[in-house]
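Read the structure below first, then the notes.
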Amino acid sequence: MEENSLSNNCDFASLRPVMVDLPYPPIQVEGQNLAYANLISMDYCGSVSEMTALTQYINNENRLSCNNCSVAKTLLGIAMSEMIHLQKLGELILLLGGTVDFVARSHNGRPVMWTPECLKLPDQLKAMLLTDVEGEYAAINQYRMHIRMIKDAYVNAVLERIIKDEEYHIMILQTLVKNL
């Protein structure tokens with residue numbers, strides 16, 4: 001009896017996070033500061049955030065894995081590093097006295113819950129990659145703005161280290177676009 005089946009032959013078993021080969025600084029803060037926690041919550045789960053990036057990369061990887069394994073693997077590796085960023089930001093938020101609940105608290109304190117509406121999911125590969133590059137640049141700009149507002153050397157060291165990964169992601173994504 002013949003059975004029709006489809007399978008994904010893209011092997012993700014040995015995949016590692018796509019990130020700069022540098023350690024992260026210790027996750028610590030100078031003291032509790034709810035204003036800083038609220039800023040970091042925007043990086044955690046705002047419209048420009050690690051939650052948005054992670055979800056967008058995973059979605060793109062899923063849509064590509066059957067047809068373009070090498071790009072799918074790269075996107076999943078980037079998603080893995082975004083997950084690490086999300087985890088580190090969550091730790092900072094808690095140490096700063098905030099709450100990790102997928103609600104970004106803006107400068108005016110108004111809560112905004114993260115939703116999939118934050119995602120940009122183009123259908124074409126080049127558009128996907130260019131949207132991802134745009135998202136990385138937006139994240140870097142937001143991190144830099146938050147670094148200027150936060151006067152905690154420990155928090156800023158973590159944000160600076162995350163920026164290094166985001167810059168690396170841009171380089172990788174731009175190379176993928178160039179090779180299309």
Side-chain angles (χ1 to χ4, degrees), residues 17-20 22 24-63 75-122 127-173:
V18 173
M19 54 199 301
V20 177
L22 293 171
Y24 282 89
I27 305 300
Q28 59 189 36
V29 300
E30 291 175 6
Q32 288 197 346
N33 186 315
L34 196 52
Y36 294 170
N38 289 345
L39 286 173
I40 301 297
S41 77
M42 295 170 65
D43 301 320
Y44 185 84
C45 64
S47 59
V48 174
S49 68
E50 298 298 335
M51 176 56 71
T52 298
L54 167 63
T55 307
Q56 191 162 298
Y57 281 119
I58 292 288
N59 184 278
N60 289 343
E61 174 273 318
N62 286 157
R63 293 186 294 148
L75 295 182
L76 186 57
I78 293 172
M80 292 166 74
S81 81
E82 304 294 2
M83 185 174 62
I84 292 167
H85 299 165
L86 187 72
Q87 188 275 332
K88 293 192 178 306
L89 294 175
E91 282 188 67
L92 286 174
I93 291 167
L94 292 173
L95 290 173
L96 289 165
T99 305
V100 177
D101 55 8
F102 300 102
V103 174
R105 288 163 179 84
S106 62
H107 305 295
N108 63 11
R110 199 173 134 186
V112 178
M113 172 142 316
W114 185 89
T115 74
E117 291 176 2
C118 297
L119 304 175
K120 296 177 185 168
L121 303 171
M128 277 182 197
L129 297 174
L130 291 173
T131 297
D132 292 339
V133 168
E134 180 183 299
E136 296 287 357
Y137 275 120
I140 290 168
N141 290 337
Q142 182 169 287
Y143 280 126
R144 287 187 175 142
M145 179 181 66
H146 289 168
I147 288 168
R148 287 190 299 275
M149 298 169 78
I150 294 171
K151 305 302 179 209
D152 182 317
Y154 299 119
V155 172
N156 287 340
V158 174
L159 300 183
E160 290 285 357
R161 174 57 186 83
I162 290 172
I163 287 172
K164 290 182 187 324
D165 285 339
E166 308 300 18
E167 291 170 337
Y168 185 58
H169 296 162
I170 290 170
M171 183 190 75
I172 299 287
L173 293 165

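Computed from heavy atoms alone, side chains included, the values below leave out hydrogens, waters and symmetry copies.
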*Can you measure from CD1 (I163) to OH (Y143) and round to the nearest 0.5 angstrom?*
8.0 Å
*Once you round to the nearest 0.5 Å, how far does CG of D152 lie from CD of Q28?*
8.5 Å
*Please report the shortest heavy-atom distance between V48 and Q142, naming the atom on each side.*
O-NE2, 2.9 Å
*Is E91 close to V158 at the side-chain level, that is, under 4.5 Å between some pair of heavy atoms?*
no
*Please list, chain by chain and in numerical order, all residues satisfying ring pair (Phe, Tyr, Trp, His ring centres under 6.0 Å) with Y36, sequence neighbours excluded.*
none
*Looking only at heavy atoms, what is the nearest atom pair of A104 and S41, with distance?*
CA-OG, 3.6 Å
*Do V155 and N33 have side chains that get closer than 4.5 Å, going by heavy atoms?*
no
*Just wondering, do E82 and M51 contact through their side chains at under 4.5 Å, heavy atoms?*
no
*Would you call E134 and Y137 a side-chain contact if the rule is heavy atoms closer than 4.5 Å?*
no
*For side chain to side chain contact (heavy atoms under 4.5 Å, CB included), just list the numbers for L34 and N38, CA-CA rounded to whole Å, side-chain angles, deciding distance to a tenth of an Å, and then say yes or no.*
CA-CA 6 Å; L34 196 52; N38 289 345; 4.2 Å; yes
_Show the nearest heavy-atom pair for residues H169 and H85, with the distance to one decimal._
CE1-CE1, 4.3 Å
*Euclidean distance, Q87 CD relative to L92 CG, rounded to 0.5 Å*: 9.5 Å
*asked:* Return the OG1 to CG distance between T131 and L173, rounded to the nearest 0.5 Å.
replied: 10.5 Å
*Any idea which heavy atoms bring N156 and I150 closest together, and the distance?*
ND2-O, 2.8 Å
_What's the separation between atom CD in E30 and atom CG in L96, rounded to the nearest 0.5 Å?_
10.0 Å
*Does the side chain of R144 pick up a donor-acceptor pair with the side chain of N141 at under 3.5 Å?*
no
*Above 12 or not: heavy atoms from other molecules or residues under 6.0 Å from OH of Y24?*
yes
*Smallest separation among heavy atoms of C118 and G46, with atom names*: SG-O, 4.3 Å
*Kindly say whether L22 contributes a backbone atom to a donor-acceptor pair with the side chain of R161 at under 3.5 angstrom?*
yes
_Can you confirm whether V100 sits close enough to L94 that some side-chain heavy atom of one is under 4.5 Å from a side-chain heavy atom of the other?_
yes
*Mind checking the CG-CG spacing from L121 to N59? Nearest 0.5 Å is all I need.*
4.5 Å
*Side-chain donor/acceptor of T99 to backbone N/O of D101, under 3.5 Å*: no
*Are the side chain of S81 and the backbone of V18 linked by a donor-acceptor contact shorter than 3.5 Å?*
yes
_Stepwise side chain to side chain contact (heavy atoms under 4.5 Å, CB included) check, I58 with T55_ = CA-CA 5 Å; I58 292 288; T55 307; 5.9 Å; no
*Are any non-hydrogen side-chain atoms of E136 and I78 less than 4.5 angstrom apart?*
yes
*Side chains of K120 and Q56: does their closest heavy-atom pair fall under 4.5 Å?*
yes
*Is any NZ, NE, NH1 or NH2 atom of the basic residue among K88 and E50 found under 4.0 Å from an Asp or Glu carboxylate oxygen of the other?*
no
_Between S49 and T52 (side chain of the first, backbone of the second, donor and acceptor by atom type, cut-off under 3.5 Å), is there such a pair?_
yes
*Does Y44 reach the side chain of W114, with side-chain heavy atoms less than 4.5 Å apart?*
no
*How close do I84 and M19 get, heavy atom to heavy atom, and via which atoms?*
CD1-SD, 3.9 Å
